[in-house]
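The chains referred to below are lettered A, B, ... by the order of the sequence lines, with proteins before strands, and numbering in each begins at 1.
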There are 2 protein chains.
Amino acid sequence: MTTGSKQDNIIDSYVALLSEQGLHDATIEATARHCGLSKAGLLHHFPSRQALDAGLVSRLRTLIDDDVAAMAQAPERAVHYYLASSLDEASPLERMVVAATRLAQSGNEEAAQVLRSGRDRWYALLVEALGDPALAKLALLAGDGLSYHLDITRGARDGFMGEGTLDELVALLVNRQPAA
Amino acid sequence: MTTGSKQDNIIDSYVALLSEQGLHDATIEATARHCGLSKAGLLHHFPSRQALDAGLVSRLRTLIDDDVAAMAQAPERAVHYYLASSLDEASPLERMVVAATRLAQSGNEEAAQVLRSGRDRWYALLVEALGDPALAKLALLAGDGLSYHLDITRGARDGFMGEGTLDELVALLVNRQPAA
DNA sequence: GTCTATACGGGGATAGAC
DNA sequence: GTCTATCCCCGTATAGAC
């Protein structure tokens, strides 16, 4: 858990750069400028890039915990909730997941481990909601596919995902639900 | 289209590093070493990093064209083909797609454009095979989700995807198929 | 707590020998 | 066509003033 608000701002900026421009451009200086600091100013709060990454992973853990708790409170809408979250590029969790995925892809094992652990918990909730492991897997994978899709369409409105698509997908998944 | 075999080897090495270790570690020097060259030796064939990226995108185009053609030849197995391809980490196309996704995520618009174009063509084939746009979307997204899943589990055998999972997913998708 | 200035290392790219 | 040597830029990190 982060202690202060300044640290939080820095992580927010880091997540923004990481998710929007990738690891290469998410430098310490760029992150510092993004939240109105100098390089050294940022390094006072996070004394190294490793520390910054660790701070991000720590926040990721918190956001996932909160999201799993929220999703568990409305089991009947779990599928809709999961897919809608994956589609919401503006949500702090979704941005964070994208950012953490970038770190994981570059060899950060903690980030990868936390992402896997989150996936396991979301999956468990989907199994409960749908009553079928295979169908739950399909729902989970579709959600991850949505994230990927947003990733490669960034900015380029290309009409692949229309307005009603989310509901269509939910309907396909939920209508196959066996009696609970 | 690439002309020689040396260029191909270099692209292969670049794809390998990019997909396995991310953009950060896929440096020109690392790529050169990976295929037994020095930095300058590589730069003789691809005079800049931009040129290397462009070469990769060009190969991506070729691989997608070939794959779309192959998939179109067995429409009745299109779903199985697409999901199995997404799951095959060793396939040249899958490795290339992962590599190109890394470039796209870091702002390479050509890579993103080619990936989107491929997605559109695979989607069209899935619509044909399944007879339903929404179901085809679900199949496509599930395939992309599989890629993502492999991405964050790299090396860490974690049992989420078992042996029979692929067939389960195919069955779920194909059994919902309306009369063609 | 934040700044300027600086040291250090590494990646991209060029020059020139072989 | 491939190498060694070199240059420059930039990202990380530290020192020290305010």
A/Arg49 CZ to D/dG11 C1': how many Å, rounded?
-> 9 Å
Using a strict 4.0 Å threshold on nitrogen-to-oxygen distance, state whether A/Asp12 and A/Arg59 make a salt bridge.
-> yes
Send over the distance from A/Asn9 CG to C/dT2 P, rounded to a whole Å.
-> 11 Å
Give the rounded distance in Å between these two atoms: CZ of B/Phe46 and C1' of C/dT14.
-> 19 Å
Over 12 foreign heavy atoms within 6.0 Å of CD, A/Gln50 | no
Is there a donor-acceptor pair closer than 3.5 Å between any side-chain N or O of B/Arg154 and the backbone N or O of A/Gln105?
-> yes
So which of residues 13-25 of chain A are in contact with DNA chain D, with a heavy-atom cut-off of under 4.0 Å?
-> none
Checking side chain to side chain donor-acceptor pair (under 3.5 Å) for the pair B/Gln21/A/Ser106: CA distance, chi angles, key distance, verdict?
-> CA-CA 5 Å; B/Gln21 308 188 20; A/Ser106 292; over 6 Å; no
Can a donor-acceptor pair be found between the side chains of B/Tyr81 and B/Asp67 at a distance below 3.5 Å?
-> yes
Any side-chain heavy-atom pair of B/Val127 and B/Trp122 under 4.5 Å | no
Could you state the CG-P distance from A/Asp53 to D/dA13, rounded to the nearest angstrom?
-> 10 Å
Report the distance from atom CD of A/Glu29 to atom C1' of D/dT12, rounded to the nearest whole Å.
-> 11 Å
To the nearest angstrom, the CG-P distance between A/Leu52 and D/dG11 comes to 15 Å
Under the side chain to side chain donor-acceptor pair (under 3.5 Å) criterion, do A/Tyr82 and A/Asp144 qualify, and how do the steps go?
-> CA-CA 10 Å; A/Tyr82 186 75; A/Asp144 297 340; 3.1 Å; yes
Counting only non-hydrogen atoms, which of residues 37-44 of chain B are less than 4.0 Å from DNA chain D?
-> B/Leu37, B/Ser38, B/Ala40, B/Gly41, B/His44
Aromatic ring pairing B/His149/B/Phe160, orientation class (parallel under 30°, perpendicular over 60°, tilted between) = tilted
